[in-house]
Amino acid sequence: MQNPISSPPPPSSSSSFSSTFFNLRDPKPKPTLILLYTFLFLSLLSLTLILTLSHSTISTHSGPDPFLHPTHTHRLVFDPHKPSPPPPPAVAYLISGSRGDAARVLRLLHAAYHPLNIYLLHLDPAAPHAEREHLAVTVQSHPIFKAAQNVHVVGKPDFSYTKGSSPVSLRLHAASVLLRLSRDWDWFVSLSADAYPLVTQDGMSCE
């Protein structure tokens, strides 16, 4: 009587558990692990190459980055043989107003003031003498105006009528007074109390 074919024994639970994981002793690793090892090797190689290039770049460029600090061919070099630039121009100002314009005259004076200039403040006869005295006291009490001695107030006003020759006469008289006070100015400018400059003499905003 022939023996029946014996069936292979069922796999144990330990062998089935170990088959789900990669065995390090397996001579044939899975394709996913081959890809993982390849990726890790290429990453390390790329990192080494980047570090090598960065080190060589730092060693060759010891100064600042040329792209951040471009070299300029035109540089300002002081030449003692060349003549010095001319000084800035000095301006003689006539600032005139009428009754109630003392505050605006002072406002315009502060906006247009420069130590190189000379200023003559004029309030016409329509303004009371007390307002003219208050203007003179305010100018003399200001420390900058007092130190520079370049702001003057007309004590005896000239008559000024807007629709006649009196404005021209006022400007000519003011120019002659300014010439007696100082001759160190280049230009004469006449302003009324309602004027206000957009920029100062140095090019700065008056706001």
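No experiment lies behind these values; they were computed from the predicted model shown.
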Working to the nearest 0.5 angstrom, can you tell me the gap between [X] [atom1] and [Y] [atom2]?
| X | Y | atom1 | atom2 | answer |
| --- | --- | --- | --- | --- |
| L178 | D184 | CG | CG | 12.5 Å |
| Q149 | L181 | CD | CG | 11.0 Å |
| E133 | L123 | CD | CG | 11.5 Å |
| Y119 | L94 | OH | CG | 12.5 Å |
| R132 | L135 | CZ | CG | 9.0 Å |
| L191 | L109 | CG | CG | 11.0 Å |

L172 atom CG: more than 12 heavy-atom contacts under 6.0 Å: yes
Shared ILVMFWY cluster between [X] and [Y], side chains joined below 4.5 angstrom?
| X | Y | value |
| --- | --- | --- |
| Y113 | I118 | no |
| V153 | L108 | yes |
| V189 | L116 | no |
| Y93 | V151 | yes |
| L121 | W185 | no |

Hey, does the side chain of [X] reach the backbone of [Y] with a donor-acceptor pair shorter than 3.5 angstrom?
| X | Y | result |
| --- | --- | --- |
| Q140 | K146 | no |
| N117 | A92 | no |
| E131 | R99 | no |
| D186 | P89 | no |

I95 vs L120, side chain to side chain contact (heavy atoms under 4.5 Å, CB included): CA-CA, chis, key distance, verdict: CA-CA 6 Å; I95 301 178; L120 185 64; over 6 Å; no
Plane angle bin for F145 and H142 - parallel if under 30°, tilted between 30 and 60°, otherwise perpendicular: parallel
Heavy-atom side-chain proximity of V139 to L106 below 4.5 angstrom: yes
Nearest heavy-atom neighbours spanning D101 and R104: OD1-NH2, 2.9 Å
Intermediate values then yes/no, side chain to side chain contact (heavy atoms under 4.5 Å, CB included), H134 and V137: CA-CA 5 Å; H134 173 70; V137 170; 5.6 Å; no
F188/R171 under side chain to side chain contact (heavy atoms under 4.5 Å, CB included): CA gap, chis, key distance, verdict: CA-CA 9 Å; F188 174 75; R171 294 186 182 95; 4.2 Å; yes
Derivation and outcome, side chain to side chain contact (heavy atoms under 4.5 Å, CB included), residues L179 and S176: CA-CA 5 Å; L179 284 173; S176 65; 5.6 Å; no
